[in-house]
Amino acid sequence: MDKPRVFIARYIPEEYLAQVRQACQVDLWPEDLPPPPDTLRQRVRGVDGILSLLTDKIDAAVMDAAGGNLKVISNCAVGFDNIDVSEATRRGIPVGNTPGVLTDTTADFAFALLMAAARRVVEAHNFTRAGRWETWGLTQLLGQDVAGATLGIIGFGRIGRAVARRALGFEMRILYYDPICEDDPYAAQIGAHCVDLDTILRHSDFLSLHVPLYKETYHLIGEAELAKMKPTAVLINTARGGVVDHEALYRALRDGVIAYAALDVTEPEPIPKHHPLLTLENIIIAPHIASASVRTRGRMIEIALANLLAGVRGEQLPHCVNPQVYMTDLE
Ligand code: NAD
């Protein structure tokens, strides 16, 4: 019998691939840049499984192109807003993701951005590099204290909680906003307070976003929300670019409505080279690297490959975002 065919949409080091190569015919996209949409549709024709990255849009057209053999879509990320999951579910195709293993790594980076924005680390480095350090100035590059400040966390899931744990070490007061808010024993244990959106916007010195991107969270932070924040507030986004309205953010940073922003994610990605946000001093923008540690990226690849293998074998995915596809089997 022919081995199942899989398309892997990005270069993965060979050392990870032995098991998959043994079980499947592997078509590996060798480039660092994602396959263009028409190439993606061509390459997935007739495959049993697709391993995608968050840069690959997997919609009905891609599923159509793959055809009736498609048994699994394995996304190498915890977020899966690049995949039309309801369409996959309608077709009975399980979708995999890589939760958990990137929680601490992403929280570390959110906190790194928070600290860097608070103490203007990137500006300071650029200042020194530009040869502008002439003396010790009493009012030079003043930032904001992190210790004792109020941290607002929107989305109190895995990563939001991991950020809260870090904040405890800085004796921050922690507020959070999440629809799943009631009687949270972990929040009680660490003294975090569940509040409504209005309160978290008005009271946070640092506001860190950790919600998934979907219809309800698209532009969750827009002009009206920014207007409620403190003029000294810092906004940190390591969730997804679409959670923040970038035009409103640009105006808010330019006009001093809030003080600073630190983004790991933008809308679109990559951010266009001439985007107005890039003209501002009071912003840090990283190229979506919050989960980019050597160990975590390795673990993400391993989970994504395990999901892919399970899917082509007809087994339940170890990490499945639409387990409803299995419930229909039981009916
Ligand atoms: P999670 O599912 O554990 O937590 C998400 C939380 O958001 C949940 O508690 C949920 O109840 C809450 N939520 C949902 N809708 C909300 C709303 N409208 N308002 C407030 N809270 C809401 O997910 P996670 O593992 O913590 O990851 C969160 C997101 O972070 C992912 O979906 C992904 O998009 C993003 N992420 C980004 C990177 C990166 O590299 N920058 C890395 C990992 C994850």
Side-chain angles (χ1 to χ4, degrees), residues 52-56 75-83 85 95-114 116 151-166 174-187 192-201 204 207-222 225 235-245 261-271 284-297 299-301 303-304 319-323:
S52 53
L53 269 62
L54 49 83
T55 43
D56 306 307
N75 212 35
C76 193
V78 65
F80 43 85
D81 44 280
N82 57 309
I83 298 176
V85 175
V95 175
N97 71 338
T98 65
V101 290
L102 38 57
T103 297
D104 281 316
T105 309
T106 305
D108 283 349
F109 197 72
F111 219 83
L113 286 178
L114 184 157
L151 170 65
I153 296 175
I154 300 193
F156 203 58
R158 285 173 295 242
I159 298 170
R161 284 161 199 261
V163 169
R165 279 198 291 282
R166 282 147 183 79
I174 302 166
L175 307 178
Y176 70 98
Y177 168 68
D178 193 300
I180 310 171
C181 204
E182 296 306 312
D183 300 326
D184 183 328
Y186 184 71
H193 303 282
C194 178
V195 294
D196 60 22
L197 186 57
D198 194 71
T199 306
I200 205 164
L201 291 167
S204 298
L207 185 66
S208 194
L209 308 178
H210 301 287
V211 292
L213 175 63
Y214 49 28
K215 217 165 58 257
E216 288 75 10
T217 56
Y218 180 73
H219 286 191
L220 181 69
I221 303 298
E225 290 72 26
L235 177 71
I236 302 116
N237 188 10
T238 56
R240 284 289 182 265
V243 177
V244 176
D245 176 345
L263 314 177
D264 181 49
V265 286
T266 61
E267 187 196 31
E269 289 185 3
I271 190 164
I284 299 168
I285 304 180
H288 204 147
I289 57 162
S291 70
S293 75
V294 175
R295 187 177 67 163
T296 291
R297 285 292 163 84
R299 287 176 166 180
M300 288 167 65
I301 291 171
I303 294 179
H319 297 282
C320 184
V321 304
N322 57 345

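Both counts, for ligands and for their atoms, begin at 1 and track the order of listing.
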Inset, instruction - Side-chain contact test, heavy atoms from C-beta onward, threshold under 4.5 Å: evaluate it for Leu220 versus Ile154 and give yes or no. - result: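 Leu220 reaches Ile154 side chain to side chain.
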Legend entry - Within-4.5 Å side-chain heavy-atom neighbours: Asn75 and Val321: no
Short N or O separations between ligand 1 and the protein, below 3.5 Å:
unit_1   : atom_1 : unit_2 : atom_2 : d
ligand 1 : 3 (O)  : Arg158 : N      : 2.9
ligand 1 : 3 (O)  : Arg158 : NE     : 3.3
ligand 1 : 9 (O)  : Gly157 : N      : 3.4
ligand 1 : 9 (O)  : Asp178 : OD2    : 2.7
ligand 1 : 11 (O) : Asp178 : OD1    : 2.7
ligand 1 : 11 (O) : Asp178 : OD2    : 3.3
ligand 1 : 15 (N) : Tyr214 : OH     : 2.7
ligand 1 : 25 (O) : Arg158 : NE     : 3.0
ligand 1 : 25 (O) : Arg158 : NH2    : 3.2
ligand 1 : 26 (O) : Arg158 : N      : 3.4
ligand 1 : 26 (O) : Ile159 : N      : 2.9
ligand 1 : 34 (O) : Arg240 : NH1    : 3.4
ligand 1 : 40 (O) : His288 : NE2    : 3.3
ligand 1 : 41 (N) : Thr238 : O      : 2.9
ligand 1 : 41 (N) : Asp264 : OD2    : 2.9

Legend entry - Test item: Asp178 side-chain N/O and Cys181 main-chain N/O as donor-acceptor pair under 3.5 Å: no
Inset, instruction - Assess the side chains of His219 and Glu225: does a donor N or O sit below 3.5 Å from an acceptor N or O? - result: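 Looking only at side-chain atoms, Glu225 and His219 do not form any donor-acceptor pair under 3.5 Å.
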Legend entry - Test: Asp184 and Arg161 ion pair at under 4.0 Å: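 A salt bridge is present here (some side-chain N lies under 4.0 Å from a carboxylate O).
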Inset, instruction - Check step by step if side chain to side chain donor-acceptor pair (under 3.5 Å) holds for Asp108 and Thr105. - result: CA-CA 5 Å; Asp108 283 349; Thr105 309; 5.5 Å; no
